[in-house]
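Written below as structure tokens is the structure these notes are about.
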There are 2 protein chains.
Amino acid sequence: MPTTAAPNKRGRPGYDQQSVLLIAVDVFNRHGYDATSMGILAENLGISKSAIYHHVPSKGDLLKLALDHALGGLESILEQPGAQSGAADARLEFVLRQTVAVLVERLPFVTLLLRLRGNTDIERDALERRRAFDHEVAALISAARDEGSLRQDIDPRTVTRLLFGTINSIVEWYKPGGSLTPEKLADDVITIAFDGLHAQH
Amino acid sequence: MPTTAAPNKRGRPGYDQQSVLLIAVDVFNRHGYDATSMGILAENLGISKSAIYHHVPSKGDLLKLALDHALGGLESILEQPGAQSGAADARLEFVLRQTVAVLVERLPFVTLLLRLRGNTDIERDALERRRAFDHEVAALISAARDEGSLRQDIDPRTVTRLLFGTINSIVEWYKPGGSLTPEKLADDVITIAFDGLHAQH
């Protein structure tokens, strides 16, 4: 969604909705959504409250736009051919790899999604969509297990929880632009999850 | 630490320091430490603010006691023989298994530790001790890699981050007393981390 930034001369902020959204998400992540007022947002943007209202009608609309961006990225993974045909373990690998990619590409948006408390309808709707995504992945894990390609000695629910724990934790430490590329990170996650850390003999 | 509960007749709360601490940690986890006042604590305990001060001098002291309990549990793992002698991969497995055990046994305390923002000296000291623990585990991961027992194709820093991501996420979903025992959970974490999810052929 945030593809091209609006022309923006230093000292004379001329934001478009995407730039407002990016800064708002950053402020939400730092202060928490509940604790962020339109006044705090205006201060961080260096514009007046009425100028924000020019871009979006409310704080809730900013939240909804941001969560749509995170969830839209995740949901579109499941619609791709790699998620829809082939052996279940290959589809699972595809989905996990793409999940890491979306998480890294839309890092602040997914961070916001993962930290939701569920205090408002917008948050609860987003959590519902996130649960639906998680259920699709859980179903793939069960399918790969039934197919015989995943080990049978661990409850698929535990597998799902631990895999999401691993992947979601990436938002807490990954720094884009460093030596660890998104592709290598996705490879590492897939390698550890499927083949483990032990040296292969 | 919270071993025996104080005698506590219904309707006439007679708390000892441990019971106050357990309830305080629960309130901190639900509302956030910053947002919790001694007044909110008193309300949750059903006693007066002055009665809390009978047990602990301040909110900070409760936080410090709680974090000491979490950190003390983690730090004591590293002093056990299983962490100190043997091959590095066996020591690593021991430490990870015990970390899961401490996390589950002291769930609300470790949850509090993992959610710290670092706004006060007490929090910063605790985060420093947690980093020191993480560094010891990272050193074990590097040692196991140098020893040849862990795969060489993943940066040990990435391995450390992902392993802690997996283990720390347990506080977000694990329900003590359910069908998944702490021992089986620790087994599952170790199995996935070292051997991966793929069925063994």
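Proteins come first, then strands; the chains are lettered A, B, ... in the order of their sequence lines, and each starts at number 1. Bear in mind that the values here come from a model prediction, so they are computed numbers and not experimental data.
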Query raised in the report: Can you name the nearest heavy-atom pair linking Leu63(A) to Glu123(A), along with the distance?
Result: CD2-CG, 3.8 Å

Query raised in the report: Can you say whether Leu180(A) sits under 4.5 Å from chain B via the side chain, the backbone, both, or neither, judging by heavy atoms?
Result: side chain

Report task. Give a yes-or-no answer on whether the side chains of Glu172(A) and Ser169(A) include a donor-acceptor pair shorter than 3.5 Å. Result -> no

**Report entry** Heavy-atom contact with chain B under 4.5 Å, split by part of Arg145(A)
**Finding:** neither

Report summary line: Bottom line for Asp187(B): the part with an atom under 4.5 Å from chain A's heavy atoms is neither

Query - Proximity breakdown for Asn168(A) and chain B, heavy-atom pairs closer than 4.5 Å - result: neither

Query raised in the report: Is it the case that Ser76(A) and Glu79(A) place a side-chain donor and acceptor less than 3.5 Å from each other?
Result: no

Query - Heavy-atom pairs under 4.5 Å with chain B, option from Lys184(A), Arg161(A), Arg117(A) with the top count - result: Arg161(A)

Query raised in the report: Which bit of Ile170(A) comes within less than 4.5 Å of chain B, counting heavy atoms only: side chain, backbone, both or neither?
Result: side chain

Query raised in the report: Once the angle between the rings of His69(B) and Phe109(B) is folded into 0 to 90°, is it parallel (under 30°), tilted (30 to 60°) or perpendicular (over 60°)?
Result: perpendicular

Query - Leading residue by heavy atom contact count with chain B [cutoff under 4.5 Å; candidates Leu162(A), Val189(A), Val159(A), Leu185(A)] - result: Leu162(A)

Query raised in the report: Given that the side chain runs from C-beta out, which part of Leu163(A) has a heavy atom under 4.5 Å from chain B: side chain, backbone, both or neither?
Result: side chain

Query raised in the report: With distance as the sole criterion, is a donor-acceptor pair present between the side chains of Asp16(B) and Ser19(B) under 3.5 Å?
Result: yes

Query raised in the report: Parallel, tilted or perpendicular: which describes the rings of His198(B) and Phe194(A), with under 30° parallel and over 60° perpendicular?
Result: tilted

